[in-house]
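First the structure, in the form of structure tokens, and then the observations on it.
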Amino acid sequence: MNTATFSPDTDWAKMVCHLPAASLEASTAIKISQVGVQYRTVEALRNVSCVVAPGRLTGIIGPNGAGKSTLMKAMLGLIPVTGGTVLYGDRPLMEQRERVAYVPQRSQIDWTYPATVWDAVMMGRVKKTGWFRRFSTVSRRVAADALDRVGMSDYRDRPIGQLSGGQQQRVFLARALAQEAEVFCFDEPFAGIDQKTQAIIFDIFRDLADAGKTVLVVNHDLGASITHFDDLILLNTELIASGSRHEVLSQENLYRAYGGQVMFFTEAAA
Ligand SMILES: Nc1ncnc2c1ncn2[C@@H]1O[C@H](COP(=O)(O)OP(=O)(O)O)[C@@H](O)[C@H]1O
Ligand SMILES: [Mg+2]
């Protein structure tokens, strides 16, 4: 990225969504082909193939233990696969990590790490700036705008361990925005957070998708929040279905994924 093209007054949308939606890069889909993952005795994913489209908000859904987190980690090369490929453009996604912002499940983050909100968001700029170079004016501006976007500017000097769950999730979203990535991966960002925070986060996801970004979100809730997603990937070790939300949320697919256990939100009834 040529930072010289930015004016310090550039607004948030231009900063974070600097790729035009129609650009070649932003129109690249992620192609997951025949991915398998085995944890010692547990087969977590079997032969999963699907496509994640740019410019869309895509949810990964399925019951507890279905392999949702495993699929996200396997895509990013964070765990070994027994087979398969994940391509972004013509190269493995895991070789293009600088284009990806990933926010793991909250339970996997070390909240005792002594970082302030500002530190956590500036970590999103490290790949742009390098560890040993001073953060540029542009980087500080991008980070400040990202914090503002999630409504957390007043908390910049607060240790992250002292925040509520919803505030922590917003700070990690700000870090992802500060990264100016093309692909955004969030694992259960809505677990245990309030409605107001959920609405703020969905607004930002929608803005990112509208700007041509790829937004992939693990979401175990089949309640009303499901209607925010354009596309869904329904898993239960194997891929049950993927595609548009309406196609995926058929009674038959849900039954195959959840058995008789599911009470799900029907849009007609809302
Ligand atoms: N590190 C691990 N070691 C062994 N088994 C694991 C590990 N992580 C996940 N599993 C198992 O793999 C399966 C899929 O887990 P996960 O991807 O976390 O599911 P989900 O995110 O859909 O709840 C589950 O049976 C889980 O118990
Ligand atoms: Mg999970």
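Just so we're clear, the structure is a prediction, and the values are computed from it rather than from any experiment. Count residues from 1 along the sequence. Atoms within each ligand, like the ligands themselves, are counted from 1 in listed order.
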Element-labelled atoms of ligand 1 that are located less than 4.0 Å from some non-hydrogen atom of Thr70: 14 (C), 15 (O), 16 (P), 17 (O)

Between Gln105 and Ser69, a side-chain donor and acceptor under 3.5 Å: yes

same_hphob_cluster(Val48, Ile79) at 4.5 Å side-chain heavy-atom cutoff: yes

N, O or S of Thr70 under 2.8 Å from the Mg ion (ligand 2): no

Atom 11 (C) of ligand 1: the protein heavy-atom neighbour that sits closest, reported with distance to 0.1 Å: Tyr39 CD1, 3.9 Å

Residues, nucleotides or ligands: over 12 heavy atoms within 6.0 Å of Glu43 CD: yes

Positive for side chain to side chain donor-acceptor pair (under 3.5 Å) with Tyr88, one of Glu182, Gln96, Lys31: Glu182

Numbered atoms and elements of ligand 1 in range of Val42, under 4.0 angstrom, heavy atoms: 12 (O), 25 (O)

Atom 23 (O) of ligand 1: the protein heavy-atom neighbour that sits closest, reported with distance to 0.1 Å: Gly65 N, 2.8 Å

Heavy-atom pair with the smallest gap, counting every atom of Leu177 and Arg149: CD1-CG, 4.1 Å

2.8 Å cut-off met by an N, O or S atom of Gln105 to the Mg ion (ligand 2): yes

Contact (N/O only, under 3.5 Å) between Gly67 and ligand 1: yes

Identity and distance of the protein heavy atom lying nearest atom 18 (O) of ligand 1: Ser69 CB, 3.9 Å

Connected via hydrophobic side-chain network under 4.5 Å: Met72 and Met94: no

Considering all heavy atoms, the nearest Val100-Cys185 contact: CG1-SG, 4.2 Å

Lys68-ligand 1 polar pair, N/O distance under 3.5 Å: yes

